[in-house]
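Reminder, nothing fancy here: chain letters follow the sequence lines and each chain counts from 1. In this text the structure is predicted, and so the values were computed from the model without any measurement.
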Amino acid sequence: MNNTTNQELPKQYEPTTAQEKWSRFWDEKKLFQINLTPPQTNITTNIADDPARVADDPAHVANDPAHVVNDPAHVVSDPAHVVNDPARVVGDSALYGKILDNVVKGVGIVDQDCAQVDLQKPDSSCVKLDSICPKSSCGDSQHRRLKGAFCVVIPPPNVTGALHLGHALNNTLQDIIVRMKRMQGFNTLWIPGVDHAGIATQAVVERRLFEQEKLTRHDIGREALVKKIWNWKEKYQARIIEQLKALGCSCDWSRTRFTLDDVCAKAVRHFFFRLFQDDLIYRGKRLVNWDTFLQTAVSDDEVTHETVAGHFWYIKYPVVNPKRNEPEFVIVATTRPETLLGDTAVAVHPDPEAALNKVIDDLRSRIADAPEKEKAELESELEKVVLRKTSGVLANLTTLAEMAKDGRKVLLPLAQREIPLIADTWAKPDKGTGCVKITPAHDPNDYEVGKRNGLPMINILNKDGTLNKEAGSYEGLKIKDARLKVIDDLTQNGLMHDTEERTIELAHSDRSKTPIEPLLNDQWFVKMESLAQSAINTVNNGEIKIIPERYTKGYIDWLAEKRDWPIGRQLWWGHRIPIWYCKNTTESELKQAFANREDIAYKWDEAGQVWWICSRDEELPSAIKGHTLVQEEDVLDTWFSSALWTHSTLGWPNQTPELETFYPTGVLITNRDILTLWVARMVLAGKFNTGKIPFHEVYIHPKILDKYGEGMSKSKGNGVDPVSVAAKFGTDALRFALAYLTTENQDIRLALDFECPHCNAIVEQTKQNRVLPKIKCPKCQKHFRTQWAEREDDLQLPEGVMVGERFETARNFCNKLWNAARFVLLTLNSNSNSADNTPDNTPDNTPDKKQPDKQDSKQHIVYRTKNELTAELLEDKWILSRLATVTRDVSQMFETYRYADAMRLLYDFSWDEFCSFYLEIVKSRLSDVRQNNFASFMLLFVLCDLVKLLHPVVPFVTEEIWQRLREVDSGLEESVAVAAWPVANETAINPQIEEQFKIFQEILRAIRDTRASRNIPPKTEISFCVKCSEVVSKLMKPMEAYFLTMARAKVTGWGESQKAPLLAATVPLAGMDIYVDLSELMDVSAEIEKLEKEMSKLDGFIKSKQTKLNSDFTQKAPPAIVEKERQSLNDLQNQYNSAKNAIEKLKQI
RNA sequence: GGGCGAUUAGCUCAGUUGGUUAGAGCGUCUGGUUUACACCCAGAAGGUCGGCGGUUCGAGCCCGUCAUCGCCCACCA
């Protein structure tokens, strides 16, 4: 035995060491780095077209395959090079092609493409990318479209915190595509990075500052806070990148970007500047969602509505000088009484009767169409509205409408201000009291009413959420306190008409979790009309494809609203808006100061009576003599910078080689919640800045849910650290499980529990314990920490990792693969010691070979295959056919993001077909000196392709295996990460062979079943014969040995004339009867019982088939289907008869 | 209010354009130290595919409807 590592191969795959080792290896070899200097040569150029290179490197001419084999350094001397030059990868695959060629020729199937792979001329069929990745395996024209380059930009994780399983999923799915593309020979770049996540990050740091030091940002100031946030960012960026690396992501880490770094900042400035120049930026007083905790406006998308218990307060507004027959009070209902201090009108509908009638009509027609269960509710609603007509409400409103038209006023309670009663259609006679208070500065709808009616807008709030001087005696109170006081005062003044308890939907800031106050504020906007339209068009005309398609509608609908984009945030963490204000200057002064300056634009703001100066490149504190320019305090919305991510990361606005080569990128893989916020904006920004789409495809992946079906989030505490899962099961298992669960329309539900590190008991994760920093194991009563542990003493505890069934399955798969490889390696190794037994071991005559050494004889044993190899055995043809099918389908599935399908196929093929059948079959050949070399070649051949196909999903275990295989076959590429992706040999696909092999599987199963059900001891050898057609017997005869090794059953005969021995178990199958000789093991009555059961089952099927065939079916169904049914019936009847005959025979005993 | 998705074995999920007897993993049961793997091997049991109606020779799949669950968007004095 050679003293190789094979003997050291552990029985179980050890993920931790492999992960560390190969991460470092990939990093050191720079396998994922793209180097565009010196300038990229045309990567589709064939190596043979470049004489200099061919001359330089004879190995690539490959007139001697042994040469290639002998000198691995030559083959892949520079992995980075390989990545850049697919022609080289193809060069290597020529050897592979030759092997395949030999095998295939032997099988009698000649692959047109592969037959052309003549080692003398490696370029003949391996010139273009298409030849290593033919259409058939790649689906569409994507490759040509991308012209040989393929790029993915990572959806940059927020630096708010560490990654959770959702990120693990997102990045695994990206890595799968990226690794496959790289192996396919694309010039592949995956750009990593992180997002500064303005509001979210500042909120986290501010909250922490307050918790730990009881300080607010105003206490420490802008500079100090920003510094603190940078520190936070550095910490979490490092953590995130570390996590991504641990996940095996094959990013080019040398290109890591941050949305707030200089490169991105430059892109942001240029984008803003161009928008400004194109007059797409404006500023206006708008009602914004004010977060009183963070003291910034947040966009609608950052607001969530929560149902809370609240009240309706009915407040009496006294009418000023009421006339006779006029009401003394106007009553309005509100959920926010304190806002009355900012009221500037009370509205009533101008024609309440008509409005009410319309409501009634609408309701009636809705009731007519409504489903039964909703009718009752609608009807009671209708009743209430109708009642208004008769109960005096309508009469009252009509009077008020007249008063409004008369210009009458009401007295605003508490403030003692007179405000007009106005007629406006916003007031709905069917709702509340029919009258509504108008607070233009604090309610979006009222704001519109205010504008329509020229009402004053009184802002009663300070930015910190306290009331300002407009609130008079309430000044300085917080909203909550003011509300209580207002209610109290109203009650005391007898102006509180009524209160009603009610649940209301209250807007909350998603970031600070505090209630949102609508507030009138200055705000920067981007006009969306034209930008949104361009983003709609690219999807409508198919330039960008959204997968799954159903998400397209949401994208289009959102953009179609064309709501202007509020881009300002009153934060300190972010890109500061590049606008400077200057009040006391003139246009001519500006012209003079900025003569010939392309990077400066300015505009007079009428409303603010100030010049806006926008600078693309430089800071402008003293750009104009004698004037100080003041920069806008606000920063830009985070999405403003992430919208540029696809091109800013490639160096835009500079026309870099990267931008040239990799833009547009290939696919964007992301989460559905940010389809609009991020994806849509990337599309419009990409089009606006570069004129091109940012990516060809958008793949939206499922969401990870916990066992309760809830999405994972920090606030719920149910987020799971992928590193913790990987620590327990291995990264590959994590990746495998996630990919396996990624189906088209189902979210991924993962039931995870803690494993006690002390006693290994499973501690269920509950809504209670999932937020705790440490948990006490109910079994051993000891504590363990969770991912939330922060305190020093908690951190001392051992961690309770998260475990889940899905990960176990995936880990088991990795281990299975590992052991299959281990087995193949063991056989290869043992064969190398008795290597003189096969015709395919022709001595080599290359110069290198003249000094043979041990190492060499081992390494070449399998590949010294100059003579034709003959794969004439059914099982070899079968596995080659299956491999080709799987290769084709897996490629196609990954290309179309059908991850789960691909994983299932790979799982089943690896486990059931390769391991359970093929490996087991081959075992009996391995002990035969005439067959063992070819058999082990076959094993290696299939294993190599399988390892490659699995590599994108499980990179570590496959690399580990690959490197072991390289010890046996130095012709393999330096890393599986840059190995050539397998090409399906379509001509090896043979449905007939697969069908025939099924017969073998059926017989084997029948025998195993017979053994198991009769309790025949495993060591007892049994014998059987099969009554079948000559075709089947010819096919099965060569496989006799396998029944012995796989079921310890000896075949005594095949064919039409076979008869059951006296004491036999009969298994009737379609087209054949199997007779298992049971002799002394026989229990006659049990056999009869078994057969009777079988007969009644068959009888059921037969009857249903007969019914079917006696119906219209034969007339209306396609003939092929009918024929199939007839055949099936025939088989069933034969089986039935066989069982019947067998019973009769048994009864005679 | 508008939109989307789901409902299949005890559990978690697959199920191609409708076509033999609906699959997998885990769990359960039976039996196992076979030249890799007990994170394993062999075998078994377990389903009126949420309900009802329709289209069809034929429905888990298509249409309608009801029920339940989840998500997203919008609005609410």
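Across all strands shown, Tyr314(A) has no heavy atoms under 4.0 Å from either base or sugar-phosphate atoms. Across all strands, Asp1112(A) comes closer than 4.0 Å only to sugar-phosphate atoms, never to a base (heavy-atom distances). Heavy atoms of Cys814(A) sit nowhere under 4.0 angstrom from any nucleic acid atom. Backbone-only engagement by Ser916(A) is indicated by non-hydrogen atom pairs under 4.0 Å involving sugar-phosphate atoms exclusively. Counting any heavy atom pair closer than 4.0 Å across all strands shown, Leu1132(A) reaches a base atom. Across all strands shown, Ala427(A) has heavy atoms under 4.0 Å from base atoms, whether or not it also approaches the sugar-phosphate. Leu919(A) comes within 4.0 angstrom of a nucleotide base, judged by non-hydrogen atoms across all strands. Using a 4.0 Å heavy-atom distance criterion, Pro1118(A) is classed as a base contact. As judged by a 4.0 angstrom heavy-atom cut-off over every strand, Trp313(A) is placed among residues making no nucleic acid contact. Residue contacts shown for Ser1128(A) include a base, since a base heavy atom lies under 4.0 Å away. Contact annotation for Thr743(A): backbone-only contact, meaning every heavy-atom pair under 4.0 Å involves sugar-phosphate atoms and none involves a base. Nucleic acid contact class of Arg806(A) (heavy atoms, under 4.0 Å, all strands): base. At the heavy-atom level, Arg925(A) lies nowhere under 4.0 Å from the strands shown. Using a 4.0 Å heavy-atom distance criterion, Val436(A) is classed as a base contact.
Salt bridge absent: Glu1021(A) and Lys1050(A) never bring a charged side-chain N and a carboxylate O closer than 4.0 Å. Here Asp747(A) pairs with Arg672(A) in a salt bridge; the nearest charged N to carboxylate O distance falls below 4.0 Å. For Asp908(A) and Arg904(A), the salt-bridge test fails: no basic side-chain N is under 4.0 Å from an acidic carboxylate O. A salt bridge does not link Arg811(A) to Asp732(A): none of the charged nitrogens lies less than 4.0 Å from a carboxylate oxygen. The residues Lys998(A) and Glu995(A) are annotated as salt-bridged, a charged nitrogen and a carboxylate oxygen being separated by less than 4.0 angstrom.
Remark: the Glu500(A) side chain and the Tyr314(A) side chain contain an N/O donor-acceptor pair separated by less than 3.5 Å. A side-chain donor from one of Thr439(A) and Lys437(A) sits under 3.5 Å from a side-chain acceptor of the other.
Taking only side-chain atoms of Tyr907(A), from C-beta outward, the nucleotide of rA36(B), rG25(B), rA77(B) with the closest atom is rG25(B). Side chain of Lys1124(A), nearest nucleotide from rG43(B), rU35(B), rU20(B): rU20(B). With rG3(B), rA77(B), rA42(B) as the candidates, the nucleotide lying closest to the side chain of Lys553(A) is rG3(B). Nearest to the side-chain atoms of Phe312(A) among the listed nucleotides rA36(B), rG19(B), rA77(B) stands rA77(B). Which of rC40(B), rC57(B), rU35(B) sits closest to the side chain of Ser1111(A) comes down to rC57(B). Taking every side-chain heavy atom of Ala1117(A) into account, rG19(B) is the closest of rG43(B), rA36(B), rG19(B). The side chain of Arg550(A) has rG5(B) as its nearest neighbour among rG5(B), rC40(B), rG19(B). Relative to the side chain of Arg563(A), the nucleotides rA74(B), rA14(B), rA36(B) differ in distance, and rA74(B) lies closest. Taking only side-chain atoms of Ala333(A), from C-beta outward, the nucleotide of rC26(B), rU21(B), rA77(B) with the closest atom is rA77(B). When distances are taken from the side chain of Trp426(A) to each of rU30(B), rA77(B), rA44(B), the shortest belongs to rA77(B).
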Checklist outcome for this item: Each base of RNA chain B marked ( ) or [ ] if paired in-strand (Watson-Crick or G-U under 3.5 Å), | if paired to another strand and . if unpaired gives (((((((..((((.....[...)))).(((((.......))))).....(((((..]....))))))))))))....
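Atom C1' of rG60(B) sits at a distance of 14 Å from the matching atom of rA6(B), rounded to the whole Å. The gap from the P atom of rG51(B) to that of rU56(B) amounts to 22 Å, rounded to the nearest Å. Comparing rG47(B) with rU8(B), their P atoms sit 15 Å apart, to the nearest whole Å. For the P atom pair drawn from rC39(B) and rG27(B), the interatomic distance equals 11 Å after rounding to whole Å. Distance noted for atom C1' between rG10(B) and rG5(B): 25 Å (whole Å). Comparing rC57(B) with rC62(B), their C1' atoms are spaced 16 Å from each other, to the whole Å. Using C1' as the reference atom, rA9(B) and rA24(B) are 11 Å apart when rounded to the nearest Å.
Atoms OH (Tyr740(A)) and P (rG25(B)) sit 8 Å apart, rounded to a whole Å. Put simply, CG on Asn819(A) is 15 Å from P on rU35(B), counting in whole angstrom units. We find that CG of Leu1004(A) is positioned 17 Å from P of rU34(B), with the value rounded to whole Å. Summarising the geometry, the separation between CD on Glu764(A) and C1' on rC11(B) is reported as 13 Å, rounded to the nearest angstrom. As a whole-Å value, the separation of Arg1011(A) CZ from rG43(B) C1' is 12 Å. Rounded to an integer number of Å, the gap from CZ of Arg1008(A) to P of rG32(B) is 17 Å. If you measure from atom CD of Glu920(A) to atom P of rA42(B), you get 8 Å, rounded to the nearest angstrom. Between the CD atom of Glu808(A) and the P atom of rC40(B) there is a distance of 10 Å, given to the nearest Å.
Projected onto RNA chain B by closest heavy-atom contact, Lys1019(A) and Lys1093(A) fall at different nucleotides, the more 5' of which corresponds to Lys1019(A). Nearest-nucleotide positions on RNA chain B place Ile1016(A) closer to the 5' end than the other of Ile1016(A) and Arg1005(A).
Geometrically, Lys923(A) engages Phe823(A) in a cation-pi contact, judged by NZ or CZ lying under 6.0 Å from the ring centre and within 45° of the ring axis.
Not a single donor-acceptor pair, N or O on each side, falls under 3.5 Å between the base of rU12(B) and the side chain of Arg749(A). Residue Lys816(A) places a side-chain atom within donor-acceptor reach of the base of rC37(B), judged by atom type and a 3.5 Å distance cut-off alone. For Arg811(A) against rC39(B), a side-chain-to-base donor-acceptor contact under 3.5 Å is present. A donor N or O paired with an acceptor N or O is not found under 3.5 Å between the base of rA36(B) and the side-chain atoms of Lys11(A).
Phe736(A) and Tyr740(A) have parallel rings, their planes meeting at less than 30° on a 0 to 90° scale where 60° marks the start of perpendicular.
Partners of His349(A) under the side-chain hydrogen bond (donor to acceptor under 3.5 Å, both in side chains) rule, at least two apart in sequence or in another chain, do not exist in this structure. Under the side-chain hydrogen bond (donor to acceptor under 3.5 Å, both in side chains) criterion, Tyr317(A) pairs with Asp343(A), sequence neighbours left out.
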Item to check | Residues Trp313(A), Arg483(A); criterion side chain to side chain contact (heavy atoms under 4.5 Å, CB included); working and verdict | outcome: CA-CA 11 Å; Trp313(A) 283 278; Arg483(A) 176 174 302 170; 4.3 Å; yes
